[in-house]
Amino acid sequence: MCVCACVCVSVCVCVCVCMCVCVCACVCVCVWGPDCDRVSLPRSYEYPSMEQLCEMVTCVLQYFNFRSIIGVGVGAGAYILAMFARFSPDLVEGLVLLNIDPNAKGWMDWAASKITGLTSSLSDVILAHLFSQEELANSAGAVSTYRSFLTDGHFLSNAELFWNSYNSRRDLEIERDGGGSLKCPVMLVVGDQAPHEDTVVECNSKLDPTQTSFLKMADAGGQPQISQPGKLTEAFKYFVQGMGYMPSAGMTRLSRSRTTSLSGASVDGSGGRSRTLSQGSDGLPLGPGAPHTMEVSC
């Protein structure tokens, strides 16, 4: 059994599905519209809701006859995969979720977006959603690339339809206890200065601590898969090794990690988690019982 991981980057959505089959297989699922096909959707087009996009993931699995997946999603893609895992837990072996916001937009968020829309263009709003203030001020390479995409009229008009659909999402109602929690192992990833840091931390507090790993990447900005792809790949290796895959894969780049506790209390042996992303002095993953929260220094 092999696991193949792929992280697909686009301006507005990324849903990547890694399949557990006899040979490595990777399927990248991208929504139609916010891509580079240079075709504008009509203004009257009714863009699918997040629930409808989630249902399309099921259609993809049925088409390829996949029995289970390890999903990797960024932003809206992370939201869609988390919803899919809630409704179809038997089809999901694990999730890697970057910059996830499982909450619906409230009235305050709606009012803030309306006010922002009066003073900022849609492209500026999307860039502020994707990148940290420091990255925007420095106009990093990725920011410039995304900005060039957003200056394209076809791309921006399509992205607006998707943007409105994402902002109309409902609350995933994730709860640590009861039927609201995700049943599969989950790795949450966020940059230490990302706009979504608070929402990812909140999501971490709602998930089962024995099934959840939280990775906060230093100097990673708003898009860790772009700024620190090597370190994110190493973290992914630890994650799938904890699930029983890739036992012989060597770890080279992620040489040291620091464990922290978001609540301010340490995790003892009785409350420790069965898997870990931490690494010992000999370069091997630490044993069971080690805490799952870690911060990676770049």
Does the plane of the ring in Phe162 sit parallel, tilted or perpendicular to the ring in Tyr166? Use 30° and 60° as the thresholds.
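Parallel: the ring planes of Phe162 and Tyr166 meet at under 30°.
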Phe236 and Phe239 aromatic ring geometry - parallel, tilted or perpendicular at 30°/60° bounds
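Judged by the thresholds at 30° and 60°, the geometry between Phe239 and Phe236 is tilted.
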Do [X] side-chain atoms and [Y] backbone N/O form a donor-acceptor pair below 3.5 Å?
| X | Y | value |
| --- | --- | --- |
| Ser88 | Leu91 | no |
| Asn138 | Glu134 | yes |
| Thr199 | His196 | yes |
| Asp101 | Tyr79 | no |
| Gln223 | Leu130 | yes |
| Glu160 | Ser157 | no |
| Ser165 | Pro48 | yes |
| Gln193 | Gly222 | no |
| Arg86 | Glu173 | yes |

[X] bridged to [Y] by N-O distance under 4.0 Å:
| X | Y | answer |
| --- | --- | --- |
| Asp208 | Lys183 | no |
| Lys231 | Glu234 | no |
| Glu51 | Arg170 | yes |
| Arg147 | Asp124 | yes |

Mind listing the closest non-hydrogen atom pair of [X] and [Y] along with its distance?
| X | Y | result |
| --- | --- | --- |
| Ala128 | Pro195 | O-CG, 3.5 Å |
| Gly221 | Ser132 | CA-OG, 4.3 Å |
| Ala82 | Ile100 | CB-CD1, 3.8 Å |
| Pro224 | Met217 | CB-SD, 3.7 Å |

Could you go step by step and tell me if Arg176 and Leu207 meet the side-chain contact (heavy atoms from CB on, under 4.5 Å) rule?
CA-CA 5 Å; Arg176 175 169 294 187; Leu207 294 175; over 6 Å; no
Are side-chain heavy atoms of [X] and [Y] found at a separation under 4.5 Å?
| X | Y | result |
| --- | --- | --- |
| Tyr47 | Asn164 | no |
| Val96 | Leu98 | yes |
| Cys184 | Val186 | yes |
| Leu95 | Ile70 | no |

Hey, could you give me the [atom1]/[atom2] distance between [X] and [Y], rounded to the nearest 0.5 Å?
| X | Y | atom1 | atom2 | answer |
| --- | --- | --- | --- | --- |
| Ser227 | Leu232 | OG | CG | 9.0 Å |
| Met187 | Tyr238 | CE | OH | 12.0 Å |
| Cys203 | Lys206 | SG | NZ | 7.5 Å |
| Leu188 | Asn204 | CG | CG | 5.5 Å |
| Leu97 | Leu182 | CG | CG | 7.5 Å |
| Ile126 | Leu156 | CD1 | CG | 6.0 Å |

If only side-chain N and O atoms count, and only distance matters, is there a donor-acceptor pair under 3.5 Å linking Glu93 with Ser68?
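Checked: Ser68/Glu93 side chains pair up, N/O donor to acceptor below 3.5 Å.
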Distance only, no hydrogens: is a donor on one side chain within 3.5 Å (strictly under) of an acceptor on the other, for Asn103 and Glu202?
yes
Would Leu127 and Leu136 satisfy side-chain contact (heavy atoms from CB on, under 4.5 Å), going step by step from the backbone distance to the final call?
CA-CA 8 Å; Leu127 287 173; Leu136 293 174; 4.0 Å; yes
Start with the C-alpha gap between Phe214 and Val190, add the side-chain angles, then the distance that decides, and say whether side-chain contact (heavy atoms from CB on, under 4.5 Å) holds.
CA-CA 8 Å; Phe214 179 78; Val190 69; 3.9 Å; yes
As a test of understanding, state which of Leu61, Leu81, Val60 forms a side chain to side chain contact (heavy atoms under 4.5 Å, CB included) with Val29.
Val60
Check the hydrophobic clustering (I, L, V, M, F, W, Y; side-chain heavy atoms under 4.5 Å; chains of links allowed) and say if Met108 and Ile115 are grouped together.
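No; tracing contacts between hydrophobic side chains, which count when under 4.5 Å, never links both residues.
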As a quick check of understanding, evaluate side-chain contact (heavy atoms from CB on, under 4.5 Å) for Leu172 and Met83, giving each step before the final call.
CA-CA 7 Å; Leu172 288 181; Met83 178 184 293; 3.7 Å; yes
